[in-house]
Amino acid sequence: QVQLVESGGGLVQPGGSLRLSCAASGSIFSINTMGWYRQAPGKPRELVARIDSGGNTNYAGSVKGRFTISRDNAKNTVYLQMNSLKPEDTAVYYCNAIMVVTTGLQLYDYWGQGTQVTVSS
């Protein structure tokens, strides 16, 4: 079975930086798209950033210019560098991966458990 493990969340002051990591492991054949979503209390989950197998990226307008998504295909890992953090960025951040698994070459949409990011003074 495939699992996504996130790390790097925590408490940071406004204007600070954090780097989130998400490593996929298990019976992976290939990973198409990896991304980060976030959910604040009382709010729906929203896309933060995503990157496809060709390196093409998409960002939410609220984070563009401040966040950078990248991936290391050899390590099946996606990163989110978050700079100039604002209190409005406070949320649980979830890693997402759309991938083909080796068993039956099936396409699956996987989610990590989430990591808390709190931006507060």
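All values below come from the heavy atoms of this structure, side chains included, with hydrogens, waters and symmetry mates left out. None of the values given here were measured: they were computed from a predicted structure.
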> At what distance, to the nearest 0.5 angstrom, does CE of M34 lie from CZ of R50?
Replying inline: 14.0 Å
>> Are R45 and W111 packed together at the side-chain level, in the sense that at least one heavy-atom pair is separated by less than 4.5 angstrom?
In response: yes
> Between G8 and L18, what is the shortest heavy-atom contact and its length?
Replying inline: O-CD2, 3.7 Å
>> Side chains of N83 and S17: any donor to acceptor distance under 3.5 Å?
In response: yes
>> Applying side chain to side chain donor-acceptor pair (under 3.5 Å) to D52 and N32, what does each step give before you reach the verdict?
In response: CA-CA 6 Å; D52 67 17; N32 183 15; over 6 Å; no
>> Counting C-beta onward and ignoring hydrogens, is there a side-chain heavy-atom pair between S25 and Q3 closer than 4.5 Å?
In response: yes
>> Taking CD in Q113 as the centre, count heavy atoms belonging to other residues, nucleotides or ligands within less than 6.0 Å. Is the count above 12?
In response: no
>> Please report the interatomic distance CE(M99) to OG(S53), rounded to the nearest 0.5 Å.
In response: 12.5 Å
>> Within the structure provided, determine whether Y94 and R38 are in side-chain contact (heavy-atom separation under 4.5 Å).
In response: no
>> Any non-hydrogen side-chain atom of W36 less than 4.5 Å from a side-chain atom of C22?
In response: yes
> Which is it for N73 and I31 under the side-chain contact (heavy atoms from CB on, under 4.5 Å) test, yes or no, and what are the steps along the way?
Replying inline: CA-CA 8 Å; N73 293 329; I31 300 177; over 6 Å; no
> Do Y93 and V48 have side-chain heavy atoms sitting under 4.5 Å apart?
Replying inline: yes
>> Consider side chain to side chain contact (heavy atoms under 4.5 Å, CB included). Of N58, T57, L80, which one does I51 pass it with?
In response: T57
> Side chains of Y59 and T68: does their closest heavy-atom pair fall under 4.5 Å?
Replying inline: yes
>> Does T115 form a side-chain contact (heavy atoms from CB on, under 4.5 Å) with V92? I'd like the steps, not just the answer.
In response: CA-CA 5 Å; T115 183; V92 176; over 6 Å; no
>> To check you understand the geometry: which heavy-atom pair defines the closest contact between L47 and A60, and what is its length?
In response: O-CB, 3.4 Å
>> Please say yes or no: joined through hydrophobic side-chain contacts below 4.5 Å, possibly via intermediate residues, are L4 and V117 part of one cluster?
In response: yes
>> To the nearest 0.5 Å, what is the distance between CD1 on I69 and CD on Q81?
In response: 12.0 Å
> Counting distance only, does the side-chain N/O of E6 pair as donor-acceptor with the main-chain N or O of G114 below 3.5 Å?
Replying inline: yes
>> For T118, is there any backbone N or O sitting under 3.5 Å from a side-chain donor or acceptor partner on S120?
In response: no
> With ILVMFWY side chains joined below 4.5 Å, transitively, what does F29's cluster contain besides itself?
Replying inline: I98, V100, L105, L107
>> Does Q1, at its CD atom, have more than 12 non-hydrogen atoms belonging to other residues, nucleotides or ligands within less than 6.0 Å?
In response: no
> Are the side chains of L85 and Q13 in touch, meaning some heavy atoms are under 4.5 Å apart?
Replying inline: no
>> Within the structure provided, determine whether F67 and D89 are in side-chain contact (heavy-atom separation under 4.5 Å).
In response: yes
>> Determine whether E88 and T90 satisfy the following criterion, side chain to side chain donor-acceptor pair (under 3.5 Å), listing intermediate values before the conclusion.
In response: CA-CA 5 Å; E88 301 85 75; T90 297; over 6 Å; no
> Honestly curious: do M82 and Y79 fall in one hydrophobic cluster under the side-chain, below-4.5 Å linking rule?
Replying inline: no
> Do Q106 and Y108 pass the side chain to side chain donor-acceptor pair (under 3.5 Å) test, and can you show the C-alpha distance, the side-chain angles, and the key distance before you say yes or no?
Replying inline: CA-CA 6 Å; Q106 303 172 86; Y108 283 97; 3.1 Å; yes
